[in-house]
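Working notes, beginning with the structure itself.
First listed ligand is number 1; within each ligand, the first listed atom is number 1. When reading the values below, keep in mind they use all heavy atoms of this one structure, side chains included, and skip hydrogens, waters and symmetry mates. Predicted model only: the values in this text are computed from it and were never measured.
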Amino acid sequence: MHALTRRLEIAISLAIEAGALAMRMRPAPGSANAILKGPQDWVTEADGAVERFLSERLAHAFPEDGFQGEEGGVSRTGSLRWVVDPIDGTANYARGASRFCVSVACMEDATPLIGVIVAPALGETILAVKDQGARLNGTPIRAAATTDPAHAIVEVGWSRRRPNQDYLAVCEALLTMGASLRHGGSGALGLADVAIGRIDAYAELHINLWDVAAALMILHEAGAAVSPFLDGNGATQGNPILACAPGLAPALASLPNIPPALTP
Ligand code: IPD
């Protein structure tokens, strides 16, 4: 079996198992059942447990591959590497909400090869393999055909890693263009929604590789326009990101502090 096909099959089955583990550990609604790593930056017991599960099982299946996770950083190196966010949307998850996912990517240097996002409480698996297209629960997906920002829904991801005034400037620019805004609390799922065509763009002033690695593959294969996230120190320090319907890229090229999205 081709090495990438085997990696895809194992990535899907492990991400589904990881999602089931997260579901078993999901806190009940109420005040956040989590601790703060930083301002508004939550971590739950499940983040560590899911990451350990994926790290151990991937090491067993592919001992030659590297591994990078949100919680443990880079624990192994290899010419291919797995980049994992055990729970993206932790703030939602910690409140017993459903908008969270497990994100598993396989990369070769700066090139994504496989992206698998499993949202267990939403019943969705979104995945892509380089040059083989992107799918939602088995059905091919494509970014929207929207060209007019006044018809667009745009998610603007937020974290305390950048000043609120910069966040407000991005929102202001989008609102002035006539876009409708949202912030859903999971960068990976927001980006996946662009690839599915449910929303027209996702913008964030700073996001980390583990949040976006699987989505980068999915967006590329779904024909979305994406800013060059991996340029500079993107892989190690994070970067701004803009992903959008290809026809919206020219209109969104002037967003403050966010590089333009490049059409595929
Ligand atoms: C966060 C979420 C959030 C995004 C932040 C991320 P986490 O990841 O994706 O939507 O705006 O930039 O840090 O903490 O839930 O894995």
If you count the atoms of ligand 1 from 1 in the order shown, which ones are under 4.0 Å from a heavy atom of [X]?
{"X": "Ser186", "answer": "9 (O), 10 (O)"}
{"X": "Glu204", "answer": "4 (C), 5 (C), 11 (O), 12 (O)"}
{"X": "Glu70", "answer": "14 (O), 16 (O)"}
{"X": "Asp85", "answer": "16 (O)"}
{"X": "Asp88", "answer": "1 (C), 2 (C), 7 (P), 8 (O), 9 (O), 15 (O), 16 (O)"}
{"X": "Ile87", "answer": "16 (O)"}

Asp88 and Ser103: side chain donor to acceptor below 3.5 Å: no
From the candidates Gly89, Gly185, Cys101, Pro86, the one that places a heavy atom nearest atom 3 (C) of ligand 1: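 Minimum heavy-atom distance to atom 3 (C) of ligand 1 goes to Gly185.
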Any Ile35 side-chain heavy atom under 4.5 Å of Trp42 side chain: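 Not in contact.
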Heavy-atom side-chain contact between Leu242 and Leu255 under 4.5 Å: yes
Which segment of Asp211 sits under 4.0 Å of ligand 1 when only heavy atoms are counted: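 The part of Asp211 near ligand 1 is the side chain, not the backbone.
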For the student: nearest non-hydrogen atoms of Val116 and Ala11, plus distance: CG2-CB, 4.1 Å
Residue pair Leu191 / Ala243: nearest heavy atoms and the distance that separates them: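 Distance-wise, the nearest heavy atoms are CD2-CB, 3.7 Å.
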Reported CZ-to-CD1 distance for the pair Arg135 and Ile218, which is rounded to 0.5 angstrom: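 Between Arg135 CZ and Ile218 CD1, I get 13.0 Å after rounding to 0.5 Å.
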Candidate pair Arg161 and Asp41, rule salt bridge (Lys or Arg N to Asp or Glu O under 4.0 Å), full reasoning: CA-CA 10 Å; Arg161 295 185 298 274; Asp41 188 7; 5.2 Å; no
Kindly confirm or rule out an N or O of [X] lying under 3.5 angstrom from an N or O of ligand 1.
{"X": "Ser159", "value": "no"}
{"X": "Trp158", "value": "yes"}
{"X": "Trp42", "value": "no"}
{"X": "Gly187", "value": "yes"}

Ring-face cation of Arg162 near Tyr167 (centre distance under 6.0 Å, axis angle within 45°):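 Relative to the ring axis of Tyr167, which defines the angle, Arg162 lies outside at least one limit.
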Residue, atom name and distance, where the atom is the protein heavy atom closest to atom 13 (O) of ligand 1: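 Result for atom 13 (O) of ligand 1: Arg161 NH1, 3.3 Å.
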Trace of the salt bridge (Lys or Arg N to Asp or Glu O under 4.0 Å) decision for Glu45 with Arg26: CA-CA 9 Å; Glu45 207 186 331; Arg26 182 166 57 155; over 6 Å; no
